[in-house]
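Numbers here simply count residues along the sequence, with the first being 1. Atoms within a ligand are numbered from 1 in the order they appear, just like the ligands themselves.
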Amino acid sequence: METLLEAALKARSFAQAPFSKFQVGAAIEDSDGKIWTGCNVENASYGLTICAERVAVFKAISEGVKPRTFKRIAIAADTDKLTPPCGACRQILWEFLGNAEVILVNPRGATARYQMIDLLPEPFDASFI
Ligand code: THU
C-alpha cells in the first residue's frame, strides 16, 4: 500500500502543469500487483489538458489490462484538504475500475480513503445501454 502512495507522489513530480501550477499524480494497482502511474499533462489550448487519473487508466488499458480488474487508485496533490478526482475522472474511473478503493494523499503523508460508489453515486454506465 505504501508503495502505491509513493508511486502517486513520485508520478506527481512529472506533472506538466505550467498553466495551473497544480501538480497531480496517480497510481493504480492492477490484479497482478503491477502499478500504473500518471500525471496531469496540460496544453496551451487548456481544454486539451488531461488529468493524472486518466493518464494512468489509459496507460494500463492500452497495454492490455482488462477493465474492472484493478484493485485501487492513489491520487496525490499538495493540498491540506486532500484533492479528490474531478467529475470527468470519476466517470472514467467508474467505467474502468468500478467500485474500487480510492486513496487520496499529500506530500505530508495525510491520507483519506473512499470507495468509488461514494464518490459517484448512481453512476451511469454500460448497464443502462
Ligand atoms: N487535475 C488532475 O490531474 N486530476 C484531478 O482530478 C483534478 C485536476 C489537474 C488538471 C489540471 O492540469 C490541474 O489539475 C488543475 O485543474
Side-chain angles (χ1 to χ4, degrees):
M1 181 71 66
E2 216 47 46
T3 319
L4 191 70
L5 302 183
E6 284 163 10
L9 288 162
K10 182 178 177 190
R12 181 178 169 265
S13 71
F14 302 130
Q16 294 293 320
F19 306 107
S20 73
K21 316 276 190 219
F22 191 74
Q23 300 173 302
V24 184
I28 307 176
E29 185 179 346
D30 71 19
S31 59
D32 296 329
K34 182 165 174 173
I35 292 174
W36 301 85
T37 60
C39 61
N40 52 329
V41 181
E42 297 185 346
N43 191 282
S45 180
Y46 297 167
L48 299 182
T49 291
I50 181 166
C51 293
E53 297 90 325
R54 278 178 278 164
V55 170
V57 170
F58 295 154
K59 278 169 68 178
I61 293 293
S62 65
E63 293 202 29
V65 182
K66 297 297 169 221
R68 304 255 172 142
T69 62
F70 299 95
K71 290 183 186 158
R72 56 186 70 86
I73 180 169
I75 302 166
D78 189 357
T79 53
D80 287 326
K81 181 175 181 182
L82 295 167
T83 300
C86 77
C89 286
R90 291 180 199 208
Q91 184 67 30
I92 296 290
L93 290 172
W94 181 260
E95 185 88 12
F96 292 107
L97 275 68
N99 191 26
E101 187 181 23
V102 178
I103 306 159
L104 311 181
V105 63
N106 74 14
R108 290 166 292 290
T111 60
R113 289 172 158 70
Y114 300 90
Q115 291 298 132
M116 264 310 298
I117 194 64
D118 300 315
L119 296 179
L120 189 67
E122 304 295 341
F124 173 76
D125 60 24
S127 68
F128 292 97
I129 303 172

>> Under a 3.5 Å distance rule, please check whether Asp30 uses its side chain to pair with a backbone N or O of Gly33 as donor and acceptor.
In response: yes
>> Hydrophobic clustering (ILVMFWY, side-chain heavy atoms < 4.5 Å, transitive) - are Leu120 and Ile28 grouped together?
In response: yes
> Which atoms of ligand 1 have any heavy atom of Ser20 under 4.0 Å away?
Replying inline: 13 (C), 15 (C)
> Once the angle between the rings of Phe58 and Phe96 is folded into 0 to 90°, is it parallel (under 30°), tilted (30 to 60°) or perpendicular (over 60°)?
Replying inline: perpendicular
> Counting only heavy atoms, which portion of Ala17 has something under 4.0 Å from ligand 1: side chain, backbone, both, or neither?
Replying inline: neither
> Are there protein heavy-atom neighbours of atom 16 (O) of ligand 1 below 4.0 Å?
Replying inline: no
> Take atom NZ in Lys71; do more than 12 heavy atoms of anything else shown fall under 6.0 Å from it?
Replying inline: yes
>> Using a 4.0 Å heavy-atom cut-off, which part of Cys51 comes near ligand 1: side chain, backbone, both, or neither?
In response: both
>> Suppose I only count heavy atoms of Glu53 and a 4.0 Å limit; which atoms of ligand 1 are within that range?
In response: 2 (C), 3 (O), 4 (N), 5 (C), 6 (O)
> Excluding sequence neighbours, so at least two apart, what forms side-chain hydrogen bond (donor to acceptor under 3.5 Å, both in side chains) with Thr111?
Replying inline: none
> Is there a donor-acceptor contact under 3.5 Å from the side chain of Arg68 to the main chain of Glu95?
Replying inline: yes
> Which residue and non-hydrogen atom of the protein lie closest to atom 9 (C) of ligand 1, and at what distance in Å?
Replying inline: Asn40 ND2, 3.5 Å
> Which of these, Arg90, Gln16, Glu42, Lys21, has its nearest heavy atom closest to atom 13 (C) of ligand 1?
Replying inline: Glu42
>> Hydrophobic clusters here meaning ILVMFWY residues chained together by side-chain heavy-atom distances under 4.5 Å, can you tell me if Val41 and Phe22 are in one?
In response: yes
>> Listing request: all side-chain hydrogen bond (donor to acceptor under 3.5 Å, both in side chains) pairs with a residue in residues 114-129, at least two apart in sequence or in separate chains.
In response: Trp94-Asp125, Asp125-Ser127
> For ligand 1, which atoms sit closer than 4.0 Å to a heavy atom of Pro84?
Replying inline: 6 (O)
> Do any nitrogen or oxygen atoms of Pro85 lie less than 3.5 angstrom from nitrogen or oxygen atoms of ligand 1?
Replying inline: no
> So, is Ala52 polar-close to ligand 1, with some N/O to N/O distance under 3.5 Å?
Replying inline: yes
> So which protein heavy atom does atom 14 (O) of ligand 1 come closest to, and at what separation?
Replying inline: Phe22 CD2, 3.4 Å
